[in-house]
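The block underneath contains the structure these notes are about, expressed in structure tokens.
Below, chains carry the letters A, B, ... as their sequence lines are ordered, and counting in each starts from 1. Quick caveat, the model's predicted, so the values are computed rather than measured.
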Amino acid sequence: MSETSAHPVRVRFAPSPTGYLHIGGARTALFTWLFAQKHNGTFILRIEDTDQKRYVPDAEEDIKQSLQWLGIRWQEGPDVGGDYGPYRQSERTDLYLEWSDWLIEHGYAYRCNCSAERLNEVREEQRKKGEQPGYDHHCRDLGLGANIGPHVVRFKMPLDGETPVEDLIRGTITFQNSELQDLVLMKSDGLPTYHLANVIDDHFMAISHITRADEWIATAPLHVQIYRAFGWEMPAIAHLPVILSPSGKGKLSKRDQAFTEGDTQVLVQVREFREAGYLPEAVVNFLTNVGWAFGDDREVFSTEEVLPRFRLEDINPAPGRLPYEKLEWLNGVYIREKLSVDELAAYLKPILEDAGLTVDDDVLRQTVPLIKERLKTLNEVVEWIGFLFRDDVHLEDPQQLIQKKMDKDGTLKALKAAYDLYAGLDDFSHESQEQAMRALADEMGLKAGQLFGTIREAITAQRVSPPLFETNEILGKDACLKRIKAAIALLES
RNA sequence: GCCCCCAUCGUCUAGAGGACCAGGACGCGGCCCUUUCAAGGCUGAAGCAGGAGUUCGAAUCUCCUUGGGGGCACCA
């Protein structure tokens, strides 16, 4: 089976609203979307909300917003509609019931009223005996009718033979039917399980290619058998590798929220990436590079550039981890190379405001070029230039003013001299400042770095900052003098 | 335990029998530039999991071992 088939390409991303959009899910969505784009196909969003127990009310909203943020748009789905709706499984229950009955009538499925307790006992017994745990076919040939009270519907899996699964990425995977289970198709609450709903929806939505995570491989033969029972043509299928936790221990999707591992902050939800100050373009570029490679030794590229090269077959079947350090670097690349000063300023303003600062647009605009090449994440802006938007600045410890190989008296002398020099400076441009201060350092027998460091601490209360004289120029002479004076007073007290 | 998938630097990867004493990127080290921090330039360390085959020749093909992952639900 090949990636291209006779049918128009129609693919779907089918998340379950049991939590916010996971970065692993986003990658599956991204690859699916890229595939659709490449083939001028249709990308469909389908909400698989058949699990009432794990349902999270605002999950669907988060999933949609997160996809939007990443730039992934769907042509059919809840809200936007389409010819194959509805696109929420909870709104398609009649369909599932109808086809479940069809399977029973035709001998491909059966009703089962075994209790949870009995099932557990059976499984425990099997485990004890070292057998494979699974349903023991108790109701398989009982021919139970609909009048038996609460019950489930199970698929009648062939007892022998084998079922091949043609995976686009891995080739043919063959399963022995004797090892497969009579899995539940309809739950006792009247809602279908994934297995049934997925097959029916993919069929009636004319899905041409199924893309989904690795973890579905084990139940893929069941799906193959269900298609066979219905007599429907099965879409091509590709199982995408899962993303592992940075430690490599287990899949990342076991975690549903950011956590810390060693000294890396491991982000998990898409919204966490946004909140951490990453640009959507950088995240998309980053994600595309895990499990797939652009080629030509290129690391930075747009989705437009990806399309001509993208093929599902080229996806690396091995599970991988997200190289978070690389995302930091990549985000920095996007900030300094892909954004204009105005665009970056627009991103930065709300972040500064959220930090409680009052932002002067002119000041921000003038400062952006100074920090553009220093930011790795948007959020770092606060620590870089927060001092520009505060009336005063507070040194936690006066000792910070004292530079290497200097003492309190020398520092005091230097600050006072700098103050006087600044006070008499008519031209406060950074060139003029630098010239004056270099001369002063020379005169006092200080290294430029020592004098500049002291002034930097006095004005920014930071050990590192954007180029000192340039931010001084933006801050203005009066404010600078005021802060130097305060620093002198602090050191003297 | 059973079934299935996978295996190139620490990490993400290029590599589809000779072009590979294995290339790139991040990270890490060094040097240069430099008012701090970045950015930039140059440079260094670092890998084909192991073992058998096949072949004139293997990172690339086969098998075994090992390791990792996934699954074994009235969850998706």
Between [N] and [M], how far is it from one [atom1] atom to the other, in whole Å?
{"N": "G41(B)", "M": "C33(B)", "atom1": "C1'", "value": "8 Å"}
{"N": "C32(B)", "M": "G15(B)", "atom1": "P", "value": "38 Å"}
{"N": "C12(B)", "M": "A7(B)", "atom1": "P", "value": "12 Å"}

(message) Strictly under 4.0 angstrom, non-hydrogen atoms only: write out the protein contact profile of nucleotides 43-50 of chain B, one letter per nucleotide from the 5' end, B, S or -.
(response) --------
(message) Within a 6.0 Å radius of atom CD on Q435(A), are there more than 12 heavy atoms belonging to other residues, nucleotides or ligands?
(response)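 No, the 6.0 Å shell around CD holds no more than 12 heavy atoms from other groups.
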(message) Can you tell me if Q265(A) has over 12 outside heavy atoms packed within less than 6.0 Å of its CD?
(response)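 Count over threshold, so yes.
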Round to a whole Å and report the spacing from [atom1] of [X] to [atom2] of [N].
{"X": "I402(A)", "N": "U36(B)", "atom1": "CD1", "atom2": "P", "result": "20 Å"}
{"X": "H195(A)", "N": "C74(B)", "atom1": "NE2", "atom2": "P", "result": "9 Å"}
{"X": "Q126(A)", "N": "C3(B)", "atom1": "CD", "atom2": "C1'", "result": "15 Å"}
{"X": "L191(A)", "N": "C74(B)", "atom1": "CG", "atom2": "P", "result": "15 Å"}
{"X": "N285(A)", "N": "A25(B)", "atom1": "CG", "atom2": "P", "result": "15 Å"}
{"X": "L327(A)", "N": "C12(B)", "atom1": "CG", "atom2": "P", "result": "15 Å"}

(request) Pick base, sugar-phosphate or nothing for T219(A), based on heavy-atom distances below 4.0 Å to the nucleic acid. (result)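 Result for T219(A) = nothing.
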Tell me which nucleotide among [options] gets nearest to the side chain of [X].
{"X": "L244(A)", "options": "G69(B), U11(B), A76(B)", "result": "G69(B)"}
{"X": "N316(A)", "options": "U13(B), U36(B), C75(B)", "result": "U13(B)"}
{"X": "R170(A)", "options": "A76(B), C5(B), U35(B)", "result": "C5(B)"}

(request) Measure distances between side-chain N and O atoms of E299(A) and base N and O atoms of G24(B), and say whether any donor-acceptor pair falls under 3.5 Å. (result)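 Yes, a donor-acceptor pair under 3.5 Å.
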(message) Determine whether a donor-acceptor pair (one donor, one acceptor, N or O, separation below 3.5 Å) exists between the side chain of R438(A) and the base of U35(B).
(response)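 It does not, because no donor-acceptor pair links the side chain of R438(A) to the base of U35(B) below 3.5 Å.
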Just by distance, with hydrogens left out, do [X] and [Y] show a side-chain donor and acceptor under 3.5 Å apart?
{"X": "Y419(A)", "Y": "R483(A)", "value": "no"}
{"X": "T377(A)", "Y": "E328(A)", "value": "no"}
{"X": "Y194(A)", "Y": "D51(A)", "value": "no"}
{"X": "Y96(A)", "Y": "D201(A)", "value": "yes"}

(message) Pick the closest RNA chain B nucleotide for K376(A) and for P150(A) by heavy atoms, then say which residue is nearer the 5' end.
(response)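 Going by which nucleotide is closer to the 5' end, it is K376(A).
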(message) Need to verify one output field. Residue with the more 5' nearest nucleotide on RNA chain B, L375(A) or T193(A)?
(response)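 Closer to the 5' end of RNA chain B: L375(A).
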(request) Check I335(A), T367(A), N379(A), I371(A) against L348(A) for a side-chain contact (heavy atoms from CB on, under 4.5 Å) and give me the one that passes. (result)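 Considering I335(A), T367(A), N379(A), I371(A), a side-chain contact (heavy atoms from CB on, under 4.5 Å) with L348(A) is found only for I371(A).
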